[in-house]
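Remember, it's a predicted structure, so these values are computed and weren't measured experimentally. As the structure lists them, so they are numbered: ligands from 1, and atoms in each ligand from 1.
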Amino acid sequence: MKVYQGVPVYPGVAIGKLSVVVSDRVGSQKRVLIQPGQVDKELRRIEAAFRGANAALETSRDDATRQLGAEFGRLYEAYLLILNDAGMRSRIEKAVSEHLVTAEYAVDSTLNQQADLLRNLDPHYAERANDILDLRDRLLHELLSIRAVDRAETTEPTIVAASFLKPSAASKLDPAKTSAIVTENGAIGSHTAIVAAALHVPTVLGVGSFLTETGETTVAIVDGELGRLVLDPTPDVLAQYERKLNRLHEEQRRLESKNRSIYAKTLDGVDIEIKGNIEFPQEAKTCYEYGAPGVGLYRTEFLYLTSPSGTLPNEEAHFEAYKQVAEAMNGRQVTIRTFDLGADKLPNGLKFTPEPEPNPFLGLRSVRLSLRNGDMFRTQIRALLRASVYGKIAVMFPLVSTIMEFRKARMIFNDVRDELLEKNVPFDRDIPLGIMVETPAAVITLEQFAHDVDFFSIGTNDLLQYAMATDRTNPSVSELYEQESPALLRMIKRTVDVARTYDKPVSLCGQMGSVPENIPLLLGLGLRTISVAPGMILRLKEVCEGYSIADCQDLAARAALMESSTEVRMLLRNDWHERTQTGY
Ligand code: PEP
Ligand code: MG
């Protein structure tokens, strides 16, 4: 048995087989020589790899055509054409038969050379060169039997293990085939962690090197509460975890059988809204069924992250997604956030800056990117306006730091509105426009915004990273990235107080709200609407029902006296422990 400790990211336990996936470029292949007698075998392997890659591309083409339209399907045709170019295949085969190298090395070296050649010929061919590298990866996956994230071949759910998962790759995992996620690298504030919550599977990130040890593993355990990975557990440990899994299932059944009223009422009768954060349209159904009074944050950038490489979703793809969410919520409010791309959320095969940015989290991301890419922004706005007749939609802009940014975004929004008005396209005329409060600049100048915006939503994930000057995805500085930070608590308090002074609705949609122990503190800071991972809605409603606002205010007042995150965390944990012991 081997036990590894990582960062707990989404609770729950999974027991089962591991399946290793790659989400990034396959590393370069070593030059291994073969005997002349092995040439035929290597050539047969190449033939099988081409056959496999061809079949996979045809499946992707058919899926894309069915889900997104023929225009997207055609993109795969381009790959198929390159793959089936006889010249390319014969160059690879020649490398094997003339230079006596393995199939892996022949594919790797031949296609790298070809990509370099294209790139040096003309920088405009850079995308074509990337296509060649994608094909190289596909062929290597076949030769090395590595599974790419979006090509689940298992029929049973397995624990997905990877060295690192980008958010775009994680969002391609099939929840029906993924029982847990565990990675060697990764941090709690990353968007990969957020996708894990959307998939609703136990997740542990950053456990350090373990993939080389998994060769013989038959059973693994992922404990999303304790942040633990166990390989080949002893019979005792396995039995212990089986009992824990049963307890968790029972608890989920109990929560699901409870009355699903829209509001959670505190002990002193105050109504609290626990809304849902979603990344994919199908999650809205869970929010509705769990009695959420709305979707507090729809991260629409995941539409871009799940699009075929190098493509943007078209207006219809946007429209269908927003309509689906609006209809699923059946008149309850859906707050759609315009695309929050950039930094760690970059769609595959697309670039927004000519060179990689030196500090992407301080770069061209979120609303800044929208203002710089007017056509892309307008396409999204047109679609969400059109979808607004199917439900109750609110719109918010991410990472706004100045009032001018908000006004520019609103101007574009109004311009698209006028265009639809002229064309007699129906839409809701009263869509509220709000901002995410996730930069210290927004917090400190909030009064300026209060005159212009209809609502505020506090994004603690980014607010914490910018307040502490700490990259949310960087585990080396994670001791500063703590949600109980006194600096963050003061910023939340100020935002809630200013919003209340100006009579503007304010909610919180950062990950902080999805942690049960934090709920009383957030209620004590004055929040009455919190938007959380859908899988946590029932549990958090129950937490709200166990507290009185007076108790929460007392807790927040005590937290305000603390000088460190550790002290605040201890305070919250002790309070939680006392409550749960006395069976609140
Ligand atoms: C946040 O920053 O708190 C937030 C909700 O947005 P995201 O995590 O998508 O950046
Ligand atoms: Mg954010």
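Using modelled atom types, one finds no donor on one side chain facing an acceptor on the other under 3.5 Å when comparing E327 with Y288. E184 and S163 are linked by a side-chain donor-acceptor pair at a separation below 3.5 angstrom, with hydrogens and angles left out of the test. Side-chain contact, E289 with T286: no donor N or O sits under 3.5 Å from an acceptor N or O.
The residue E279 has no part lying near ligand 1, judged by heavy-atom distances below 4.0 Å. Of all the heavy atoms of R337, the ones lying under 4.0 Å from any atom of ligand 1 belong exclusively to the side chain.
Residue I194 approaches ligand 1 through these ligand atoms, each under 4.0 Å from one of its heavy atoms: 8 (O). Residue D340 has at least one heavy-atom neighbour below 4.0 Å for each of these atoms of ligand 1: 9 (O), 10 (O). With ligand atoms numbered from 1 in the order given, ligand 1 contributes 4 (C), 5 (C), 6 (O), 7 (P), 8 (O), 9 (O) to contacts under 4.0 Å with heavy atoms of R299. Set against the non-hydrogen atoms of D462, the atoms of ligand 1 under 4.0 Å away are 1 (C), 2 (O), 3 (O), 10 (O). When each atom of ligand 1 is checked for a heavy atom of K345 under 4.0 Å away, the hits are 9 (O). Remark: ligand 1 atoms within the under-4.0 Å shell around heavy atoms of G510 are 3 (O). The L297 neighbourhood of ligand 1 comprises atoms 5 (C), with distances under 4.0 Å to a heavy atom of that residue. With ligand atoms numbered from 1 in the order given, ligand 1 contributes 2 (O), 7 (P), 8 (O), 10 (O) to contacts under 4.0 Å with heavy atoms of R472.
Ligand 1 has M436 within reach: a non-hydrogen atom of the residue lies less than 4.0 Å from it. Contact between Q465 and ligand 1 is absent, with no heavy atom of the residue lying under 4.0 Å from the ligand.
By heavy-atom distance, the residue among L508, L463, N461, T439 lying nearest atom 8 (O) of ligand 1 is N461.
By the 4.0 Å N-to-carboxylate-O rule, D503 lies too far from R500 to be salt-bridged with it. Salt-bridge annotation for D344 and K166: absent, with no side-chain N of the basic residue lying under 4.0 Å from a carboxylate O of the acidic one. In summary, E315 and R378 do not engage in a salt bridge, as defined by a charged side-chain N under 4.0 Å from a carboxylate O.
Ranking protein heavy atoms by distance to atom 7 (P) of ligand 1, first place goes to H191 NE2, 3.2 Å.
In this structure, R337 forms no cation-pi arrangement with Y298, as its terminal cationic atom is not both closer than 6.0 Å to the ring centre and no more than 45° off the ring axis. Relative to the six-membered ring of F455, K504 misses at least one condition, a distance below 6.0 Å or an angle of at most 45° to the axis.
At least one N, O or S atom of E438, from either the backbone or the side chain, sits less than 2.8 Å from the Mg ion (ligand 2).
Looking at ligand 1, you'll find an N or O of E438 within less than 3.5 Å of one of its N or O atoms.
Ring pair Y304/H318: centre-to-centre distance below 6.0 Å. Checked against the 6.0 Å centroid criterion, the rings of F302 and F280 qualify as a close aromatic pair.
Between V204 and R228, every side-chain heavy-atom pair lies at or beyond the 4.5 Å cut-off.
Here the N, O or S atom of D462 that is nearest to the Mg ion (ligand 2) is OD2.
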